[in-house]
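In each ligand, atom 1 is the first atom listed, and ligand 1 is the first ligand listed. In this chain, residues are counted from 1 in sequence order.
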Amino acid sequence: MQLDYEKLIFEVSQPGRTGYKLPDLDVEDVAVDSLFPKELLREEELDFPEVSEVDVIRHYTNLSNKNYGLDQGIYPLGSCTMKYNPKISEDMSALDGFVNIHPYQDEEDIQGSLRLLYELGESLAEVAGMDEMTLQPAAGAHGEYTGILLIKAYHKKRGDTKRDKIIIPDAAHGTNPATAAMAGYKIVEIKSNDHGMVDVDALRAAVGDDTAGLMLTNPNTVGLSDENVALIAQIVHDAGGLVYYDGANLNAIMGKARPGDMGFDVVHYNLHKTMSTPHGGGGPGAGPVGCKKFLTEFLPVPVVSKRDDDSYFLDYDRPYSIGKVKDFYGHFAILVRAYTYILSMGHDGLKRASEVSVLNTNYLQSILKEYYKLPLDRIAKHEFVLSGLKDKLSGVNTLDIAKRILDKGFHAPTIYFPLIINEALMIEAPESESKQSLDQFANAMIEIAKEAKEDPNILKEAPHNTPVRRPDETKAAKDTIVTYIPE
Ligand SMILES: *Cc1c(COP(=O)(O)O)cnc(C)c1O
């Protein structure tokens, strides 16, 4: 017999069952059709499930159990920084005073919220070594686009219009070339050298009076911080270009090193990685952009500013602004979470978060490289990239490993990204994981490496105990059925 928790809520429904009770009506009962024109009224009742409170609770609890989340265990999804985010940040973003304000409200009424935006901008600028920030962009890629528009506006204002190329190393995040192309630039790719670093000689040969700028993902997508980061900035500056720092993964360096001090002109953050919102959550994010003084006149309007009397206002007076990049002021609730995170961590806490994320990642790397191929065997930053099993004879590939890890009770790492590593398995061990949790994950990965030798079919047919096994991934993405059609 099919049990209730295996059914849809519509199938659990019983005619007449309810989950609420209202007090008796003590006012005059008005017929709906006396309030609205008849043609706007529905002719048949909606087919809602009729269920009790306990039916509903069980329904949602069982649904949540089919999923795997950070509140259950480690989520080593490289490039996404799926760390545990403190509940206090959620609580703060849900405070009445934040939730119930309206974007059209007068400045005098929302001084507290403006102050929060202003102080968050100041803190983020301090952490990145920049002079001013915009909090408007809605995501990392959106921040990149905003940042590249700043660079474009700078060249345009100087009349330096032949600069039509952006240089991008091949270890950059995929959004970097997409951003540059969307902003109307041609892309010049620089290959990495054998150590996973930008090939400096190739960069020297590529720059010229047509270079608008360079975008550097640092740490890059193989988890390494470029050893020549200051030199790279220098080479591009000498050619008249500007340098953009993709700081999506700032939890590898925050409190330890600042893009501004490395010579970079523009940087974006992913608050929904580093600052208390998960990236893989599918919800809204925020990709604030910071820049050096000489670019601040181009920042999107409005910028939150402070008057001499300590009141805050929305400053639209920037004649060279690239314009708005987002309706209103960005994703405010995400900004509240980031502000809470920064205040509750403090300077030392942010620094310690970077230290522990780097330590955790290198700890896992040192264990797993005995069983899996590690193409770039160096000290990693916040993530590292394996290239399938060390022993390739079993015919087991990265997809099989990722599926099998689900059977062991974990979320899989990022797979087949970055593209420059064959059979990539990209693992990130964020700072919120304890040594015990890292050891449990490492043990599961070691078991898998052993199974591959002894019984590769277990891997090829994995996962064995998840609600869905191996869907056709293209069909699942392109042809999703999200509507329940009753019989
Ligand atoms: C995640 C990430 C991005 C893109 O961020 P989105 O918010 O997903 O647009 C850009 N660059 C790097 C290095 C990233 O890790």
**Prompt:** Which part of Asn249 is near ligand 1, with near meaning a heavy atom under 4.0 Å away: side chain, backbone, both or neither?
**Reply:** side chain

Is there a nitrogen or oxygen of [X] sitting under 3.5 Å from a nitrogen or oxygen of ligand 1?
X      : value
Gly140 : yes
Asp246 : yes
Thr217 : no
Asn176 : no
Ala141 : yes

Which ligand 1 atoms does [X] reach within 4.0 Å, using its non-hydrogen atoms?
X      : answer
Glu144 : 10 (C), 11 (N)
Ala139 : 7 (O), 9 (O)
Ser79  : 1 (C), 15 (O)

**Item:** Cation-aromatic face contact Lys165/Tyr185, 6.0 Å, 45 degrees
**Value:**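 Ring-cation test returns no.
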
**Asked** Can Lys157 be said to sit on top of Tyr320's aromatic six-ring, NZ or CZ under 6.0 Å from centre and within 45° of the ring axis?
**Response**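 Yes - Lys157 lies over the ring of Tyr320, closer than 6.0 Å to its centre and within 45° of its axis.
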
Nearest protein heavy-atom contact for [atom]: which residue, which atom, what distance?
atom                   : result
atom 5 (O) of ligand 1 : Asn270 ND2, 3.0 Å
atom 7 (O) of ligand 1 : His272 NE2, 2.6 Å
atom 8 (O) of ligand 1 : His279 NE2, 2.8 Å

**Test item, Gly285 contacting ligand 1 (heavy atom, 4.0 angstrom)** = no

**Asked** Mind checking whether Lys273 has a heavy atom under 4.0 Å from ligand 1?
**Response** yes

**Asked** Looking at Tyr75 versus His279, is the centre-to-centre ring distance below 6.0 Å?
**Response** no

**Message:** Taking the six-membered ring for Trp, are Phe294 and Tyr154 closer than 6.0 Å centroid to centroid?
**Reply:** yes

Check: [X] side chain, [Y] main-chain N or O, donor-acceptor pair, under 3.5 Å:
X      : Y      : answer
Asn228 : Val198 : no
Glu122 : Tyr118 : no
His102 : Tyr104 : yes
Glu433 : Pro430 : no
Tyr84  : Asp71  : no

